[in-house]
Structure formats: C-alpha cells, structure tokens
Amino acid sequence: MITAIFDLDGTLADTIADLGDAVNFGLEKLGFPTHDYTAYKQMVGNGVRKLCYRALPENSKDRLDELHGLFKEYYDVHYLDKTKLYDGIKESLARLRDSGVKLAVATNKPENVAAEIVMELLPEFDFVRILGGNDKRPAKPDTAILIEIFAALPDEENRVFMIGDSNVDVQTAKNACIESIGCAWGFRGRAELEAAGADFIAEKPSDIADIILG
C-alpha cells in the first residue's frame, strides 16, 4: 500500500494572501509596519505563533501573544477569502485516489482551520487524517503528527511519501525515515528543497502522481 501525506500551505493551496492579511491586520492594530506577501513566504512553515514572531519588529517580540490573538481574530473569519488550490492539484489527487493511494494531510496550520480549508476545497476526497497544529503535539519537523497518521493506516507494508514545499517538510520526512517530494511551485522554491535533500522534486502538481505511481 502507498500513502501520500500532504502539507497544505504552499503545497495543496496558495494560502499566502489570507495569512499575510491576517498578520498585517494584527500588526496595524498594534502600530507596527506590515509586510508584503513575498516576505511572508519566508516566514511561514513552522506554525502560526512562529509566523507572528517573525513578523514582529526585532525590538517588539514581547508583543507576540497580542499579535497571535489578533491574527486568530481575523484569520478564523477570513481564511478562505483569497485561498485557492493550485492548478492541477485536484487532478493529481484523483489519479492517486483512483490508483488506491491513501491520502492524508499534515500541516502546522491550526488544525480546525486546516480541516475546514481541505473539506471546503477538496470535498470529494476521503483523507485518512487531516491533522494540523495544536497544543497536544509538537509541530513539524517533529514526527508526532506523522506517527498519528501512521496509526490510522491499515497494518500492512506501507510505502509513505511526505509532500511539501519547504525544508520543514523534507526534514519531517527524514526524521520519520520516509520519502519526500518537494513542490517547486510553493512558497520556498526548488533551491531550498534541493538544499534540504528532498528525494524528489515536483515542478507541477501532476508530477506528484507521476513520481508516486512510477
């Protein structure tokens, strides 16, 4: 059996505008400078609190709790305003599903929001698990989120791929001793994925199915 575990932000969906708008909402409320979407692509990947921490001025990191609260206030309402699937994602997932590949999501995005986004944008797919950031387990690249997915899989020989757009996803795969597929269209780009040691690089979503189905 084959299982494909997907990151969400920058992998399945382009979420950067809604994330950036939410952080900028909080920064404006606190009287701090905002950032453009390109800058946010380098800040995401390690969970919302780390995103907020990176967005704050160097001399104002002690305002993290305030910014995080304002982020949640905005993002919990506006997480699907501008977020959209990357072209070709549905078709690639359909090929995998129709070939018997099990699908799952493992993201550092808050779990409740991650589930809502996936179910809204990909309602026709049955994911084994849609897991995100919460207070019960450490964030990727810790393997706790993958272990929880592994526990939900049938007890048989299983080849597993971790698919994501950043060095965090590649390192998560390495830590769990599974194969990684880096998504070059995502927030970080090919160079970071190659430097991190991704086993495969997908230039476009259809490449994911090509790699996994071989």
Side-chain angles (χ1 to χ4, degrees), residues 1-15 45 80 83-109 111 113-133 137 140-190 192-194 196-214:
M1 186 180 73
I2 300 174
T3 299
I5 303 174
F6 290 85
D7 175 48
L8 177 53
D9 299 310
T11 301
L12 294 175
D14 185 354
T15 59
L80 273 173
T83 288
K84 59 183 179 181
L85 293 174
Y86 287 107
D87 291 342
I89 283 293
K90 277 193 178 183
E91 292 79 1
S92 192
L93 291 178
R95 282 182 60 199
L96 293 172
R97 176 197 61 197
D98 295 346
S99 298
V101 176
K102 300 290 185 183
L103 306 175
V105 173
T107 173
N108 283 336
K109 179 185 288 295
E111 193 160 276
V113 177
E116 291 288 341
I117 291 174
V118 173
M119 289 187 289
E120 179 72 23
L121 299 181
L122 295 164
E124 65 269 49
F125 294 96
D126 182 21
F127 291 89
V128 174
R129 286 285 187 276
I130 303 170
L131 300 183
R137 73 175 89 84
K140 297 182 299 183
D142 190 279
T143 60
I145 194 169
L146 297 187
I147 291 170
E148 195 169 328
I149 291 172
F150 298 161
L153 297 173
D155 187 17
E156 58 184 84
E157 186 174 347
N158 197 10
R159 186 181 185 191
V160 184
F161 294 85
M162 177 75 219
I163 302 108
D165 70 306
S166 77
N167 55 6
V168 173
D169 300 301
V170 175
Q171 189 58 51
T172 305
K174 288 181 179 294
N175 291 344
C177 300
I178 62 174
E179 294 173 274
S180 60
I181 301 175
C183 301
W185 61 84
F187 298 157
R188 297 297 179 78
R190 170 182 274 274
E192 176 172 305
L193 296 165
E194 288 181 338
D199 295 301
F200 305 94
I201 301 289
E203 291 290 345
K204 55 188 183 300
S206 62
D207 292 343
I208 297 173
D210 292 341
I211 291 166
I212 291 175
L213 300 176

Discussion item. With side-chain contact (heavy atoms from CB on, under 4.5 Å) as the criterion, how do Glu120 and Thr83 come out once you've worked through the C-alpha distance, each side chain's angles and the decisive distance to 0.1 Å?
Written reply: CA-CA 11 Å; Glu120 179 72 23; Thr83 288; over 6 Å; no
Item to complete: Would you name the heavy atoms of Thr15 and Gly10 that are closest together and state the gap between them?
Response: OG1-N, 4.5 Å
Worksheet item: Which atoms form the tightest heavy-atom contact between Ala106 and Leu146, and what is the distance?
Response: CB-CD2, 4.1 Å
Worksheet item: Side chains of Lys102 and Ile5: closer than 4.5 Å at any heavy-atom pair?
Response: no
Item to complete: Indicate yes or no: at least one non-hydrogen side-chain atom of Ser206 is less than 4.5 angstrom from one of Glu91.
Response: no
Discussion item. Quick check against the 3.5 Å criterion: does Asn108 have a side-chain atom that pairs as donor or acceptor with the backbone of Gly45?
Written reply: yes
Practice prompt. Taking all heavy atoms of Pro141 and all of Thr172, pick out the closest pair and write down the distance.
Written response: CA-OG1, 3.0 Å
Worksheet item: Which of these, Leu121, Val105, Thr107, Asp7, sits in a side-chain contact (heavy atoms from CB on, under 4.5 Å) with Leu12?
Response: Val105
Item to complete: Could you check if a side-chain atom of Asp14 sits within less than 4.5 angstrom of a side-chain atom of Tyr86, using non-hydrogen atoms only?
Response: yes
Item to complete: Quick one: do Val101 and Leu213 satisfy side-chain contact (heavy atoms from CB on, under 4.5 Å)? Show the steps, please.
Response: CA-CA 9 Å; Val101 176; Leu213 300 176; 4.0 Å; yes
Discussion item. Quick check: closest heavy atoms across Ile208 and Ala202, and the distance to 0.1 Å?
Written reply: CG1-CB, 4.0 Å
Worksheet item: Is Ser180 reaching over with its side chain to a backbone N or O of Asp199, donor-acceptor style, under 3.5 angstrom?
Response: yes
Worksheet item: What's the spacing between Glu157 CD and Ile2 CD1 if we round to 0.5 Å?
Response: 10.5 Å
Worksheet, complete the sentence: Nearest heavy-atom contact between Glu111 and Leu131 is OE1-CA, 3.4 Å
Discussion item. Just verifying a value: how many Å separate Leu193 CG and Cys183 SG, rounded to the nearest 0.5 Å?
Written reply: 7.5 Å
Discussion item. Strictly distance-based, threshold 3.5 Å: is any side-chain N or O of Ser99 a donor or acceptor partner for the main-chain N or O of Arg95?
Written reply: yes
Discussion item. Distance check, rounded to the nearest 0.5 Å: Phe161 atom CZ versus Leu96 atom CG?
Written reply: 9.5 Å
Item to complete: Show your reasoning for whether side-chain contact (heavy atoms from CB on, under 4.5 Å) applies to Thr3 and Leu153.
Response: CA-CA 9 Å; Thr3 299; Leu153 297 173; 3.6 Å; yes
Response to the item:
Nearest heavy-atom approach of Ile201 to Ala184 is CG2-CB, 4.1 Å
Worksheet item: Side chains of Asn175 and Thr143: donor-acceptor distance under 3.5 Å anywhere?
Response: no
Practice prompt. Find out whether Leu103 and Asp126 are in side-chain contact, i.e. whether some heavy atom of one side chain is under 4.5 Å from a heavy atom of the other.
Written response: no
Discussion item. Any side-chain to backbone donor/acceptor pair from Asp165 onto Phe187? Under 3.5 Å, distance only.
Written reply: yes
Fill in: Lys174, Arg188, Lys140 screened by salt bridge (charged side-chain N to carboxylate O under 4.0 Å, His left out) with Asp169, the one that passes
Lys140
Worksheet item: So do Ile212 and Ile181 actually touch side chain to side chain, heavy atoms under 4.5 Å?
Response: yes
Item to complete: Say whether, by atom type as modelled, one donor and one acceptor occur between the side chain of Glu192 and the main chain of Ser166 under 3.5 angstrom.
Response: no
Discussion item. Please report the interatomic distance NZ(Lys109) to CG(Leu8), rounded to the nearest 0.5 Å.
Written reply: 6.0 Å
Worksheet item: Does Glu148 pair with Arg129 as a salt bridge, N-O distance under 4.0 Å?
Response: no
Item to complete: For residues Leu122 and Phe6, determine if any side-chain heavy atom of one lies less than 4.5 Å from a side-chain heavy atom of the other.
Response: no
Worksheet item: About how many Å separate CZ of Phe200 and CG of Asp210, when rounded to the nearest 0.5 Å?
Response: 12.0 Å
Worksheet item: Between the side chain of Arg137 and the main-chain N/O of Gly132, is any donor-acceptor distance below 3.5 Å?
Response: yes
Discussion item. I need the Phe125 CZ to Lys90 NZ distance, nearest 0.5 Å.
Written reply: 7.0 Å
